[in-house]
Each structure stands twice: as C-alpha cells, then as structure tokens.
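Lettering of chains follows the sequences in order, A, B, ..., and the numbering in each one begins at 1. What you see is a predicted model, and the numbers here were worked out from it, not measured in a lab.
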2 protein chains.
Amino acid sequence: MYEDLKYWYLRDHKLFRTLSYSQIKQLCIITGFKKASKGEIIYFSTSDVPRIFLLKKGNIKIVAIDDDGNETIKDIIQKGDLFGELTLESDNKNEEYAKVLSDDVAICSFLMSDFEDLLLRNPTLALSYTKFVGLKMKRIKNSYANLISKDAKTRLCQFLKDWAEQEGVRDGNAVTIENYLTQNDIAQIICTSRQTATQLLNEMETKNLLSYNRKEIMIPDITKI
Amino acid sequence: MYEDLKYWYLRDHKLFRTLSYSQIKQLCIITGFKKASKGEIIYFSTSDVPRIFLLKKGNIKIVAIDDDGNETIKDIIQKGDLFGELTLESDNKNEEYAKVLSDDVAICSFLMSDFEDLLLRNPTLALSYTKFVGLKMKRIKNSYANLISKDAKTRLCQFLKDWAEQEGVRDGNAVTIENYLTQNDIAQIICTSRQTATQLLNEMETKNLLSYNRKEIMIPDITKI
DNA sequence: AGCTAAGTGTAACTTAGCCGACATTTTGCT
DNA sequence: AGCAAAATGTCGGCTAAGTTACACTTAGCT
C-alpha cells in the first residue's frame, strides 16, 4: 500500500488528529487491508497475531457464539470505528467473528504490538486513546443500564434514537435511517425476541411514529419516539 | 501528609509498580486523604475539581439515583481499587455517591489533571493504565452479558463465585466470605428484587450449598455453586 | 420465471420474577 | 432494658415477554 494512502486512512480518525502528517507517515503501522461484501464473514479473533481494526467503509456486526451455539450480537461497528482488541489484551478463547451488513466494506488493520509501540512513543496519543476507550466504556455502561432497567418498548425507542443520532439524515424533526439491519438483528441488539421486536415496530408504525421497510426507517418526528 | 506515606499509599497498587521509589516520591500527586465509617455517604462526582480516588481500606458501594429517585448500585469498590472518573473525562451531570459498607474506610485521592500530567511523562504508566481501563471494560461487558442472558438464579451463583474468588478465604473447596452486603444490596447487584434474592439464598441454604448470615457467607463446596 | 431461503406477521400458551402486603427477626441507640 | 428502624422471611396475584407454531412476503439465485 502506498504511504500516502496509509496516511489518509488513519488521518480522518479523530484519535490520530493529534499527530502530524510526517508522524503518521513515519509510523507505517497499517499492515493489512481488506475489502468484503454483504453477508461475508470475517474472522479476526482467532487470527495469528492480535490486531486492531479500523472500519473505513460500510457496517459490520460483531457476533459471538455462546456455549449453546446461539448467535449473539456483541457490537455494531460503523464507518470510522475501531474494533478488535481495544483493551490491548489479547484473549485467546473468545469465539467472535464479524459479519458484513452493508453492500461492501473496507477494513484496514495494524498489529497490536505496533500500536503499543506507537503509544509508548506518543504519550499524548496514549492519553487520547485511554479517553477513547473510556468513552466506549461509558457508552456500554449506559446502554446496558437501559437494557436492564427498562422494558422492551423503551429499549427499542432508545435504540432508534441512538441510531438516528449516529447515522440518521435529519430534516427538521424528521429522520431517515438507512436500514441495514433485519428485525432479528434489532431484536438481538435490544435483547428481546424477534417476535416482540416485530410487534413493537408494527405498533409504532400504526401509530405513525415511524415507517419501516428493509431499506430504510423513516421517523416523522424524532422527538415523539 | 508525609512524603513517605504518600509513597506507600501508591506503591502497592499494581498500576504503579512500574515506577521507582524516587519517581513516585517526586510525583506527590496525592492531594486528599479521608477516613470514614460505616454508613457514611461520600459525595465525589459533584466535587469542585475532578479527582481519581484510591480505596486503601474497606469496602464501599457506588450508588446512583435515577430520575425516579430509585437507588441503583453501580459498583462495589474493594480495597486497592481505583474509582471515580477513570475515563479521564469528567461528566458533570451524573448523580452518584459512595456509601461506606465496611466498618471503616480510608480513601486517598489525586487530581485528574495531575494524573494526566503523570501519564504524559510516563508512557509506560500510560500504557498500563490504558490496559487497566480496558480490563475494567472487559469485566463490565462480561458481567452485563450475564445479567442479560441468564436467569436470576444463575446470576446469583455467578456473583457468589466472583465474590468468593475476589475476597473469599479458601480452604480446599470451602470458601468463607466476609459479608458486608445486605440481601437488598445483593439483589441490586444481580438486578433482581429483594424478595427473589432472599428466596434464592434460602433455597441454596436448604440445599446446603451455603450458609448465610449477616456477618459471613460460608460455601462448603464452591465447585457445586 | 420459478424456486428456496431469509425475513416478516400474528396468535395462543406459558412462566420467571416483579410487586404489594404483610409477619418476624436483628441491630443500633438511648 | 426498651424502642425504632433496618433487615429478613413468606405468600399470592399479576404481567411482560419468551416460546412454539405456522402463514405470508420478499430477496436472491439459476
């Protein structure tokens, strides 16, 4: 990969904003680059050496298989997100893989050890990274707090609001979200059964709170959700 | 506070092992020290400047008040744990306080800004700290995954196992835990009602899986929990 | 165009565990 | 010792939501 390209791939992640052009160029930490298309499965936790990934384009879901063989969605990764062993501790045993949700994705990756070296040489970056991980933790805490104390309907609404805020195209109070999830995916994210999710979505549709189809979700008034 | 004392207070936290005696002494980052006894409430999030706290002795619980005025336990902090704004991002709004559970506690604290400076000057420490925060995140993820997918009984068992591992005194397969929690506390931690927790504990007691009282919990065979 | 698999819609049945409403026990305090 | 408050024990009704089960619709492939 051309040096310049590497530069641009890291450049627009907010984490690396503190670094100068020449600094990033010197690093050359990107060692992998991959494109994949819808439905494809990408294994990463089992791979040879621990890596950190950066999703450049598209959407993927991180799926784990539990002991009984059930799929559970661990995370939805959007364009610009880092994923993989963000804790810088490789844990051997976990059975996770990524599944491509959007039409196609571009992923670049670097070795965890390279990244560690980088952090050691750039304390400012290390501090930013810590805050970044901390922020992720705070988000997780929040969403789990929701999962636990609220009922399914509230959870669905909260999820829709979050999604709309992150990715929706807003027009006044109306928001349109590109829908790359199935109702089953949504159900898993908000930790309910597929049937319950379907029911709740239809209920909201009859109340004209939203219009749902497989391509997009339109919310006429986000403040009413 | 004497320099030497400061040294010792930080010294035995694993995070600071990488630093030499003279380094820690130079830092002098401990700016606060506090003792408190059972039942006392310590406000910290609202305080003037953002701080990070280190619990030197005893146990406390971090409690949050939600919109409806309900108490929820966010965390149980044990001797040696760091708490407060570990993410290095002060968030203004959250209504949290700490309540002392053990007979007495000793807490020391330092300013977040001082700690940040320290991290900037010690890249190795910064990296350790990042991993430390990452580990905390992983723990949280795990325990929440339990909360969501398992039933109350399984959650109680998991909680007891974790607690036993962290603080229990082991004698073969038997474990004795000093019990500084009420059944209501336990219920909140495993996210169930007090009544359900009581019922489950009694059920386990009749099955001779444990013996419970307000001072201690004795588990004859931890492998059977 | 036609087939298959994936995704969606709907209903009846079942259940864990929340909640309210007590009684009883223990603890801390004066 | 005596009192109040906190902690624990117990019960039955109630409800959200999981489960089972099946029909229908859409998307993707050859």
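Side-chain proximity of B/Arg214 to the nucleotides D/dG18, D/dT8, D/dC11 is greatest for D/dT8. Nearest to the side-chain atoms of A/Asp151 among the listed nucleotides C/dC18, D/dA17, C/dG17 stands D/dA17. When each of D/dA21, C/dT8, C/dC18 is scored by its nearest atom to the side-chain atoms of A/Thr198, the top-ranked nucleotide is C/dT8. Each of C/dA11, D/dA7, C/dG7 was ranked by its minimum atom distance to the side chain of A/Thr182; first place goes to C/dG7. When each of D/dT8, D/dC11, C/dG17 is scored by its nearest atom to the side-chain atoms of B/Tyr212, the top-ranked nucleotide is D/dT8.
As a whole-Å value, the separation of A/Leu156 CG from D/dA16 P is 16 Å. Summarising the geometry, the separation between CG on A/Leu201 and C1' on C/dG9 is reported as 12 Å, rounded to the nearest angstrom. Per the geometry, CD belonging to B/Glu205 stands 15 Å off C1' belonging to D/dT10, to the nearest Å. Atom NZ of B/Lys215 and atom C1' of D/dA7 are 13 Å apart (whole Å). If you measure from atom CG of A/Leu200 to atom P of C/dT10, you get 13 Å, rounded to the nearest angstrom. Regarding B/Leu147, its CG atom lies at a distance of 15 Å from the C1' atom of C/dG17, rounded to whole Å. Here C/dA6 presents its P atom at 15 Å from CD of A/Gln188, a figure rounded to the nearest Å. Nucleotide C/dA21 holds its P atom 12 Å from the CD atom of B/Gln195, rounded to whole Å.
Within 6.0 Å of CD in B/Glu165 there are 12 or fewer heavy atoms belonging to other residues, nucleotides or ligands. For B/Asn213, the CG atom is densely surrounded, since the number of other residues' heavy atoms within 6.0 Å is greater than 12. The local environment of NZ in B/Lys153 is sparse, with at most 12 non-hydrogen atoms from other residues, nucleotides or ligands closer than 6.0 Å.
Taking the six-membered ring where tryptophan is involved, the planes of B/Phe83 and B/Phe53 are essentially parallel, since the angle between them stays under 30° and well short of 60°.
Note on B/Asn202: a side-chain N or O is less than 4.0 Å away from OP1 or OP2 of D/dG9. When the side-chain nitrogen and oxygen atoms of A/Thr192 are compared with OP1 and OP2 of D/dA17, none of them lie within a distance under 4.0 Å. Within the 4.0 Å cut-off from OP1 or OP2 of C/dG9, at least one side-chain nitrogen or oxygen of A/Gln183 is found.
Contact annotation for B/Gln199: no contact, since no heavy-atom pair falls under 4.0 Å across all strands.
Both B/Lys38 and B/Arg155 lie near DNA chain C, and the one whose nearest nucleotide falls closer to the 5' end is B/Arg155.
Here the straight-line distance linking atom CG of A/Leu54 with atom NZ of A/Lys79 works out to 11.0 Å at 0.5 Å rounding. Atom-to-atom distance recorded for A/Lys138:NZ and A/Ser143:OG is 14.0 Å, nearest 0.5 angstrom.
No hydrogens or angles were tested; on distance alone, nothing pairs the side chain of A/Arg194 with the base of D/dG18 as donor and acceptor under 3.5 Å.
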Hey, can you pull the donor-acceptor pairs under 3.5 Å for the side chains in residues 214-225 of chain A, sequence neighbours left out?
residue  : atom : partner  : partner atom : Å
A/Asp221 : OD1  : A/Thr223 : N            : 3.0
A/Asp221 : OD1  : A/Thr223 : OG1          : 2.5
A/Asp221 : OD2  : A/Thr223 : OG1          : 3.3

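Fit an axis to the five pairs at each end of the helix from C/dA1-D/dT30 to C/dT30-D/dA1 and the two axes sit 50° apart, to the nearest 10 degrees.
Checking B/Glu167, B/Lys38, B/Lys61 one by one against B/Tyr180, the side chain to side chain donor-acceptor pair (under 3.5 Å) holds for a single residue, B/Glu167.
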